[in-house]
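Sequence lines set the chain letters: A, B, ... in the order given, protein chains first and strands last, and positions in each chain run from 1.
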Amino acid sequence: MDFIKIQGKWQKKWEDAKLFESNEGSKKKKFYCLEMFPYPSASGLHMGHARNYIIGDIYSRFKRMNGFNVLYPMGYDALGLPAENAAIKAGTHPRKFTEDAINNFIKQQKEIGLSYDWSRMLKTCDPEYYRWNQYFFLKLYEKGLVYRKKAPVNWCPKCNTVLANEQVHNGKCWRHKDTSVEIKHLEQWFIKTTAYADELLEMTDALDWPERIKLMQKNWIGKSYGTDIDFEINGKKWSIFTTRPDTIYGVTFMVVSAQHPRLMELVTKEQKKGVEAFLKKIKSTSEKDIEELEKEGAFTGSYAVNPLTKDKIPVYAGNFVIAEYGSGMVMAVPAHDQRDFEFAKKYKIPIKQVIAPTFITNAGHDAVRKDKPTSARDSAIGIVKHWKEDKYFVLDWKEFSWKSFVIGGIEKGETPEEAVVREVKEETGYQDIKSVKPIGFEIHTKFFARHKDVNRHGKFKTFLVELGSDKYKKPEEEHTKNHIGKWLEKEKISGYINLEDNKFLWEAYTKGESAYTEEGTLVNSGEFNGINSREAIDEISKHLEKKKLGKRTLQYKLRDWLVSRQRYWGTPIPFVYCDKCGLVPVPEKELPIILPENVKFGEGNPLETNKEFVNAKCPKCGGKARRETDTMDTFFDSSWYFLRFCDNKNSKEPFAKEKVKFWMPVDLYVGGAEHACMHLIYARFFVKALRDLGLLKFNEPFTKLYNQGMLHGTDGFVMSKSRGNVVLPEEISKKYGIDTARVFLMFVASPDKDMLWDDKGISGCSKFMNKVISLFEKKITNEKDSLLESKTNRTIKEVTEKIESMQYNVALIDLMELVKFLSSRETVTMQSIESLLLILSPFCPHVCEELWEKLGNRGFIASEKWPSYDEKKINLESEYLEDIIANTKSDVITVLELAKIEKPKEIKLFVSDDWKYKLYKLVVDKLKETRDVGVIQKAVMATELKKFGKDIIRMIPRIIENPPKIVLNQEKELKKIKESKERIENEFKCKVEVVKEADSKEQKARQALPGKPAIIIS
RNA sequence: GCGGGGGUAGCGAAGCCUGGCCAAACGCGCAGGACUUAAGAUCCUGUUCCUUAGUGGAUCCGAGGGUUCAAAUCCCUUCCCCCGCACCA
């Protein structure tokens, strides 16, 4: 079969017949299937794209055949940076560049056989499309969802323009490799996406989307409850957001974002140089870049006043604080936040513990008792280190079954150090204390002290006590009567110690210091000492509110959408700056504001080089005005394109409401997880905003989302032009035909998993295609064959279910099995072969159309009805019997090999005795109730089978271990094997005899089991 | 750093949610055989190790623990890889 020829033939026929065009008039149920539209890059469409579109195509074809009115459109996200880069580098106009790329894409997509409704195609670079961007922008502005604010941008002084993060390489401009990028703050347009943060978050759960995407969105929106606290700096109030007001007494410094617009207000003359040097290290506004830098900062010279302690604390500029999140400044609590901890260590800032890890005994004799009073006690724990070896002193408390380090109370007038030294001397006897160093944290415990009949709240200061020598004085009886002490190797300590607080201490000591970020008891926190830190969050917030020093608030990680770009190839933002009236929106009737073709590239913002464009009239006063030269982020275009597909030729409005009502929401949206957060959030936001503008009547754009996995090249990285690891569909198509490529892409891996491109396996799919084609050389008969019927019906059933759930790879395996089965037969039936073609056609549509025509059909297979299956015809029994024959054959081969028989004379097959079938059945039934061998044995022995007791005892465990799916009877099995006798004879070219086990005296015949006849070869 | 996903036989990849039918589908590769003058194509069989007339056993799903009568599957720890992080789209 000439694949190339038939591909062209059917692609043309489909197009001529307008087969895939959809309309709103149909009475069928609608189905809107959409793939994320591509940015048409110059390098064209590679296998990664192809995989994406084939997923949607198969589903669309499947749904059409199942009687749905399917809308399956394609468009191009045509505005954007690469076209502009090409203009600067290669001198091509972005429009030409884009048009060429789109035409190439369309050609490639048609060659893949995708069943798009091409009449609905759209390109976002057409004024007929982007005029509606401008329209929506104005609508959002009217709604108060658009505002302006300063934001940091990458600036190249040589290009005299703003750079995208992508255009910044290692802090240098992409065109001027010797020029460092500067961070500038410019007025930018923002859209208030946060106005919908709550709704976006709440509606996430109900979506039929992959859980991981929903999770990512939730984390991206990132709702957290916290408190805004006012800190005074240089006499001015700075409000900061924190989720941990409980740690406010532990604040030892503040960090303001390096990108904070008001940073310089805080920097004193003396520190200016230092801060500026620090800021230079920031290479771009990209968060990824910033986060990859070491956590660094520079002292601003200013001090903040802690509103509760009134302490003066230094303010640093830091590269790990995000300017847009919260207030762009954080209070740093190094004792209880790991990042702050590391920062404090680095800059030698004090660390102040305000939360003590607290270990509460909740069970056993020592469990805290609510009915008893609590008494607090200051104590000390000492980890005592051996003078020579790496050993530590531990105590075994006989009465309490505690195993601990040296513990003791702090007496009146004693310092904790003095106490621990005294305790060590008294309890261990060793007298030569070389050093006493505090470790980590104060630790609290709460338990019921039986001997005192009170709840004890122990507050432990913790120390490492190193001994200098073995100088020893026998301890007094009074101190040692409760416990035995001994030295233990370092490795054995964690297995030995059994008090949680001691264990914790040991870990802190061995792993080195770190911040304690868990819950605990407040210490060093004035009036809040002693309360639980979780409760303290509330308590301290209330306190701050009462004193008007702060208030509880909600915070989202989601930020408002910065939509303006200082670039040419985008939608002009419809505003002018009038000398008199200021910022004025362009009236709707003046839209579209056409992007001028005539501009210069590479010298600042191209739009500013076209005077006609820039010089405008003020719509309000008619006076002189300057047109806005910022354009829109291309995410704006992609936030509503799915609506335009419903009515892409409307020149009066963005879409007719009734058409959108008919098609929307999208029933299946297919795309990569890389859009999990941004595009999908913006699109959801847009729909909600348009709904509130009265343009839509639904809440969510995409009912079901399907994430295809990423295709990796042979180097293991995502297939992309820039990686240089792309494979083009044409290459494979030329060699094997596009249908083979389609089957291969869908067969190798589940569509939602990442997969590695490896064209070695494609020969398997090529063989499969050939097998399908060769089926048509077989004689087609009308014979009734239950096995054939069963396999066909079962395959229809499984393939239908698997396409529905988009497990295409598994569906193809079922199809391959059916084809293999059909190939092995002399004849096939019309019903089976037609069904096969129909359920195969979504995967390889061209070949199936061709074969369908060959069968004498006139219409398109693509518009045929999906075959139904008859559950009653699925006959597991006959399939199982067929399996027995296959297994028997394989067993014969094994025996031949093992026994080194080259030319067998006779093969005898013994079918198992009937009682064994009865036994199997009984055991399989019993297995539903229990897996206990004894119980099953008893049950079997209670029946007439008892007389085979000896054999039964031996057989039951094996049956349990490997229970058969089906248990038939001797009669059926005998019949089947007798029927298959001839086949086996032909296969092994020798005589075959089939007998019942009982009719033979041969010892080997006793090996026969249900489903597994005994074999003797001579 | 934060967030998400993954690691299964020589390779690609199912299975994991909902534990047992799992030495683990399917394809490639490799080996043997059939057909053929031969090659290719096609078909059949095998493909962890030991053992064996079709059997039985050991080890096994990144590593290490745990739960369970039973773990690729559930839980914890750990290593490695990939993806996203707001001006790439």
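For A:K900, no side-chain nitrogen or oxygen approaches OP1 or OP2 of B:rU52 to under 4.0 Å. The side chain of A:K218 places no N or O atom within less than 4.0 Å of a non-bridging phosphate oxygen (OP1 or OP2) of B:rG3. Side-chain N/O atoms of A:K557 include none lying less than 4.0 angstrom from OP1 or OP2 on B:rG3. The phosphate of B:rG46 has OP1 or OP2 within less than 4.0 Å of a side-chain N or O from A:S890. Distances shown here put every side-chain N or O of A:K1004 at or beyond 4.0 Å from the OP1 or OP2 atom of B:rG54. Distances shown here put a side-chain N or O of A:N219 below 4.0 Å from the OP1 or OP2 atom of B:rG4.
Remark: B:rC69 base-pairs with B:rG20; criterion is Watson-Crick or G-U wobble with both hydrogen-bond distances under 3.5 Å. With a 3.5 Å ceiling on both atom-pair distances, B:rU55 lacks any Watson-Crick or G-U wobble partner. Under the Watson-Crick or G-U wobble criterion, with both distances below 3.5 Å, B:rC43 is paired with B:rG33. With a cut-off of 3.5 Å on both pairing distances, the Watson-Crick or G-U wobble partner of B:rG1 is B:rC85.
Taking atom C1' in both B:rC28 and B:rC2, one finds a spacing of 40 Å when rounded to whole Å. As rounded to the nearest Å, B:rU68 and B:rU51 have P atoms that lie 38 Å from one another. When the C1' atom is compared between B:rG54 and B:rA39, the two are found 35 Å apart, to the nearest whole Å. With P as the reference atom, B:rU52 and B:rA41 are 37 Å apart, rounded to whole Å. Separation of the C1' atoms belonging to B:rA24 and B:rA72 is 8 Å when rounded to the nearest angstrom. Comparing the same atom, C1', in B:rU77 and in B:rG27 gives a spacing of 36 Å after rounding to whole Å. Look at the C1' atom in both B:rC61 and B:rC11: the space between them is 16 Å, to the nearest Å. If you take atom P in B:rG12 and the same atom in B:rU18, they sit 29 Å apart, rounded to whole Å.
As judged by a 4.0 angstrom heavy-atom cut-off over every strand, A:Q188 is placed among the base-contacting residues. Heavy atoms of A:T888 sit nowhere under 4.0 angstrom from any nucleic acid atom. Using a 4.0 Å heavy-atom criterion, one finds that A:M678 contacts the bases of the nucleic acid, with or without backbone contacts as well. Across all strands shown, A:V168 has no heavy atoms under 4.0 Å from either base or sugar-phosphate atoms. Note on A:I901: nothing from the nucleic acid sits closer than 4.0 angstrom, heavy atoms only. Counting non-hydrogen atoms under 4.0 angstrom, A:K1012 reaches a base of the nucleic acid. Across all strands, A:P1013 comes closer than 4.0 Å to base atoms (heavy-atom distances). Residue-level contact check: A:Q1007 touches the bases, meaning some heavy atom is under 4.0 Å from a base atom. When heavy atoms are screened at a 4.0 angstrom cut-off, A:L215 is found touching the sugar-phosphate backbone but no base atom. Among the protein residues, A:F717 comes within range of the sugar-phosphate backbone only, with heavy atoms under 4.0 Å from sugar or phosphate atoms but none that close to a base. The residue A:A749 sits close only to the backbone: its heavy atoms come under 4.0 Å of sugar-phosphate atoms, none of a base.
Atom CG of A:L898 is separated from atom C1' of B:rU51 by 10 Å (rounded to the nearest Å). Atom CD1 in A:I213 sits roughly 12 Å away from atom P in B:rG4 (whole-Å rounding). To the nearest angstrom, C1' of B:rC2 lies 8 Å from CZ of A:R339. Atom P of nucleotide B:rA13 and atom CD1 of A:I762 are separated by 15 Å, given to the nearest angstrom. Computed from coordinates, the A:Q167 CD to B:rA89 P distance equals 9 Å when rounded to whole Å. Distance CE (A:M746) to P (B:rA13): 14 Å, rounded to an integer number of Å. In this structure, A:E798 places its CD atom 14 Å from C1' of B:rC26, rounding to the nearest Å. Rounded to an integer number of Å, the gap from CD of A:Q566 to P of B:rC88 is 13 Å.
Nearest to the side chain of A:M755, among B:rA13, B:rC88, B:rA25, sits B:rA13. Side-chain proximity of A:N809 to B:rA14, B:rG54, B:rC44: nearest is B:rA14. Nearest nucleotide to the side chain of A:H712, out of B:rA53, B:rA14, B:rC82: B:rC82. Side-chain atoms of A:E817 lie closest to B:rC26 of the nucleotides B:rC26, B:rC28, B:rA89. Ranking B:rU45, B:rG4, B:rA89 by closeness to the A:R212 side chain, first place goes to B:rG4. For A:T894, the side-chain atoms get nearest to B:rG54 when compared with the rest of B:rA89, B:rG12, B:rG54. Between B:rA86, B:rC28, B:rG3, one nucleotide has an atom nearer to the side chain of A:M216 than all others, and that is B:rG3. Of the candidate nucleotides B:rC88, B:rG27, B:rA13, B:rG27 has the atom lying nearest to any side-chain atom of A:F747. Distance from the side chain of A:I813 is smallest for B:rC26 among the nucleotides B:rC26, B:rG4, B:rC83. For A:W220, taking side-chain heavy atoms from C-beta onward, the closest of the listed nucleotides B:rA25, B:rC88, B:rA86 is B:rA86.
Between A:V718 and A:D560, the residue anchored nearer the 5' end of RNA chain B, judged by the nucleotide with its closest heavy atom, is A:V718. Positionally, the nearest nucleotide of RNA chain B for A:L558 lies more toward the 5' end than for the other of A:D77 and A:L558.
Using a 30° and 60° split on the angle between ring planes, A:Y53 and A:H49 fall in the parallel class, below 30°. Between A:Y641 and A:F37, the ring-plane angle classifies as parallel under the 30° and 60° cut-offs.
No side-chain N or O of A:R175 forms a donor-acceptor pair with one of A:Q167 less than 3.5 Å apart. Side-chain contact, A:T285 with A:N165: a donor N or O sits under 3.5 Å from an acceptor N or O. Remark: the A:T194 side chain and the A:D560 side chain contain an N/O donor-acceptor pair separated by less than 3.5 Å.
Of the charged side-chain nitrogens involved, none lies within less than 4.0 Å of a carboxylate oxygen, so that A:E826 and A:K778 do not count as a salt-bridged pair.
Centroid-to-centroid, the aromatic rings of A:F642 and A:Y669 stay 6.0 Å apart or farther. Aromatic pair A:W640/A:F685: ring centres not closer than 6.0 Å.
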Please assess A:Y682 against A:W561 for the test ring pair (Phe, Tyr, Trp, His ring centres under 6.0 Å), listing each intermediate value before the final yes or no. CA-CA 8 Å; A:Y682 293 140; A:W561 179 9; 3.9 Å; yes
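Taking a 6.0 Å sphere around NZ of A:K149, one finds it holds more than 12 heavy atoms contributed by other residues, nucleotides or ligands.
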